[in-house]
Chemist: 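One structure follows; several queries about it will come next.
Since we're looking at a predicted model, the values are computed, not measured. Atom set for the values below is all heavy atoms of this structure, side chains included, hydrogens, waters and symmetry mates excluded. In this chain, numbering begins with 1 at the start of the sequence shown.
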Amino acid sequence: KVYDLYNLLKKEISSIAVFDPMADKATVKDIYNLNLTDEIDFSSTNLLILAVGHDAFLSNKGLNTFVDSKKALLVDLKNFYPSELSHWRL
């Protein structure tokens, strides 16, 4: 499902980075022909879609600071963060 979302957004957005600290990069490349990024560049991010709820995100201080700052839109598809921090959620 995340790959389907990526393909939909890719049609409208010029620069998309996909970050998943739990996914195997080689497998994702082989199956989806998609390169995962090693980290999120928060300085150039204006929309963050949280499509998986890995516990590793809770310990990512950069991500938590970014979400708390509300400098960009957060779409939380997994209800991972408190509702007051996200702009849209399922």
Chemist: Can you give me the closest heavy-atom contact between Thr37 and Phe19, atom names plus distance?
Modeler: O-CD1, 3.4 Å
Chemist: Got a sec, which residues hit side chain to side chain contact (heavy atoms under 4.5 Å, CB included) with Ser43, two or more places apart in sequence or on another chain?
Modeler: Asp41
Chemist: How close do His54 and Pro21 get, heavy atom to heavy atom, and via which atoms?
Modeler: CD2-CD, 4.5 Å
Chemist: Is there a path of hydrophobic side-chain contacts, each under 4.5 Å between heavy atoms, that joins Leu36 and Ile31?
Modeler: yes
Chemist: Name every donor-acceptor pair, under 3.5 Å, that has one atom in a side chain of residues 2-18 and the other anywhere in the protein, sequence neighbours excluded.
Modeler:
unit_1 : atom_1 : unit_2 : atom_2 : d
Tyr3   : OH     : Tyr32  : O      : 3.4
Asn7   : ND2    : Tyr3   : O      : 3.4

